[in-house]
Amino acid sequence: MIKITPEELKTITKYIHDICGIHLDASKKYLLETRLSAIAEENGCGNYQELYLKAKRDARKTIEKQIIDAISTNETLFFRDTGPFELLQHKILPELIDARTPRSALMKTPIRIWSAASSTGQEIYSISIVLKELLGDTSKYSIKLLGTDISESAVTQASTGKYNKFEIERGLARDKLTKYFTMTGGFWKIKDEIRAMVNFRKLNLMLPFSGLGKFDIVFCRNVAIYFTLEDRKKLFNKIADTLEPDGYLIIGSTESLTGICPRFVPKRHLRSIFYQLK
Amino acid sequence: MTMSILVADDDPVIRRLFEKRLQDAGYTVKVAVDGIEAAGYLDRSHFDVIITDLVMPGDIGGIELLQIAKERDVLTEVIVITAHSSIDTAVAAMKKGASDYLEKPVNFDELFFRLDKIAQLRSLVRNADDLRNAMDVTESSAAQTIQDLEIAAAGFQLKLDRIDDILRKSSLSDYERIDKALQVINE
């Protein structure tokens, strides 16, 4: 494994912050070495300074993508932490449908949900399973589900909707597994009816959100924890702009918006919290 | 932790050999005369590893037993035993989720080596599970604390906003403003 020098540590952590917003301090030296060493070697670089320069010069951004994939954490599960999904099913969706159902039976009820750091898709697919379970026949609704992530390979895996036994077994009840997935070639694949409900695209949360539109519900869980306080403030301010005035924001169960975005007020339902605009 | 192993083979000599060698090596062993009996055992007990002959009389051969075992518990590891002539079938079994295959006659050193690998893998998986469980406990306890703080902070913010409003009211005298602000604080 190639060792990182203190100067390189500064250069690389600043570079990583610039390309994806993830803030790493000097204590993450070992993490950087374990995750970036192979990328350096693969690209014929003997040290991290070389890797940095090569990545900056690379017009196709191949190395940049490799670094983002290596640094961004993809650890996620179906129905990770049941709280938000129970909140969605028992509180938010019924309220939202009440508020959004048009007077005319000819018009469809719009439901727009965004999973801002969708990783390999488990969260947004869990949301679509909740929708399917709650609504049954979805033809009366105009459902738009969007999953975005900084990592291109995560977006690709999310789009294929294929998971191995380790990725799937925890969190997902057996009945839901057999109802919404099919076993093919040793992998569990999400069924087309669920897959078709969701769109995925690559998005850097640090950059302006262009062409995203407005959402009724935004999930932004366990991603801002990797950002600096300043970047968090900017992020949640931009999220507030994408949310409908009566929309809902769900953040990670150990996250807080106190001192981060005064535009949101926390509301408690049973054992979970959600946020709405003031 | 001792691994429990189910052996399915219709040859009584091989069955006895497996039973003895595996027991001597410290494993908990159950033997079945064919796939049907093995499937019956799977109904009643859990096994960490299944070692099965690919070709057995009756409706349940090695491949079928593999599928039944994986349906019961995806984490059960299956090693298939095959004659040299049927390597293709063994590869097909691997594609269906078998963790390994061994050729006849079985080399026990090789088998023990594979079992050690499986034991190591299982211990890593268990370790990861333990860590995740510990993380879940820490996380849910932290989440409750953070929720309480979040709601409390929002409540204080609301009070501060009201006090701010009161203190800016030019229609009130200084005393009235202080009095009303104190009322909000003491609510």
Side-chain angles (χ1 to χ4, degrees), chain A residues 73 75-84 86-87 163-172 174-175 177-178 181-188 221-222 224-225 236 249-278, chain B residues 46 63 66-78 91-100 118 121-162 164-165:
Chain A
T73 306
E75 153 59 31
T76 182
L77 298 164
F78 283 94
F79 295 96
R80 179 174 183 335
D81 180 6
T82 50
E86 283 165 9
L87 187 65
Y163 301 92
N164 68 33
K165 64 179 181 183
F166 295 106
E167 290 165 324
I168 208 135
E169 69 189 11
R170 229 170 135 261
L172 202 64
R174 191 81 203 174
D175 61 320
L177 179 64
T178 46
F181 293 83
T182 46
M183 183 81 180
T184 39
F187 283 89
W188 289 97
R221 298 160 67 215
N222 306 319
I225 46 175
F236 285 106
L249 167 68
I250 293 171
I251 64 172
S253 65
T254 55
E255 293 180 272
S256 155
L257 290 187
T258 299
I260 304 230
C261 190
R263 293 168 70 187
F264 286 109
V265 271
K267 295 183 182 173
R268 202 201 285 259
H269 177 75
L270 301 176
R271 290 172 60 81
S272 300
I273 275 196
F274 60 93
Y275 293 82
Q276 288 194 294
L277 293 167
K278 260 186 189 160
Chain B
H46 174 268
I63 297 274
L66 163 73
Q67 282 167 332
I68 294 168
K70 288 284 173 187
E71 267 171 38
R72 298 271 198 289
D73 179 2
V74 283
L75 292 180
T76 299
E77 301 289 353
V78 180
V91 172
M94 299 276 290
K95 283 186 181 157
K96 291 200 161 131
S99 54
D100 236 321
I118 289 175
L121 180 70
R122 294 179 83 81
S123 131
L124 280 175
V125 169
R126 201 162 42 236
N127 201 337
D129 265 354
D130 287 350
L131 284 173
R132 274 179 174 159
N133 287 331
M135 192 185 78
D136 285 350
V137 172
T138 316
E139 196 175 297
S140 67
S141 127
Q144 282 311 309
T145 312
I146 290 163
Q147 269 188 26
D148 293 343
L149 291 172
E150 194 81 334
I151 297 288
F156 285 129
Q157 187 57 55
L158 202 70
K159 273 191 179 185
L160 284 176
D161 291 347
R162 283 170 59 205
D164 189 71
D165 275 352

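Just the heavy atoms: all of them, side chains too, but no hydrogens, waters or symmetry mates, feed the values below. In the text below, chain A, chain B and the rest are named by the order of the sequence lines, each starting its count at 1.
Here CD of B:Glu150 is found 3.0 Å from OH of A:Tyr275. Values are rounded to the nearest 0.5 Å.
With a 4.5 angstrom heavy-atom cutoff, B:Asp148 touches chain A via backbone and side-chain atoms both. Of the two parts of B:Lys70, only the side chain, counted from C-beta on, holds a non-hydrogen atom closer than 4.5 Å to a non-hydrogen atom of chain A.
The most heavy-atom pairs under 4.5 Å with chain A, out of B:Asp129, B:Leu75, B:Leu149, B:Leu158, come from B:Leu75. The candidate from A:Gly259, A:Pro262, A:Ser272 with the greatest count of non-hydrogen atom pairs under 4.5 Å with chain B is A:Ser272.
Nearest heavy atom pair, residue B:Ile151 against residue A:Arg268, reads CG1-NH2, 3.9 Å.
The shortest side-chain heavy-atom distance between A:Met183 and B:Val74 does not fall under the 4.5 Å cut-off. In this structure, B:Ile146 and A:Glu255 have side chains that are not in contact, with every pair of non-hydrogen atoms separated by 4.5 Å or more.
Side-chain N or O atoms of B:Gln147 include one that pairs as donor or acceptor with a backbone N or O of A:Arg271 at under 3.5 Å.
Around atom NZ of B:Lys95, no more than 12 heavy atoms belonging to other residues, nucleotides or ligands sit under 6.0 Å away.
Between A:Thr254 and B:Glu139, the side chains place no donor N or O within less than 3.5 Å of an acceptor N or O (distance only, hydrogens not considered).
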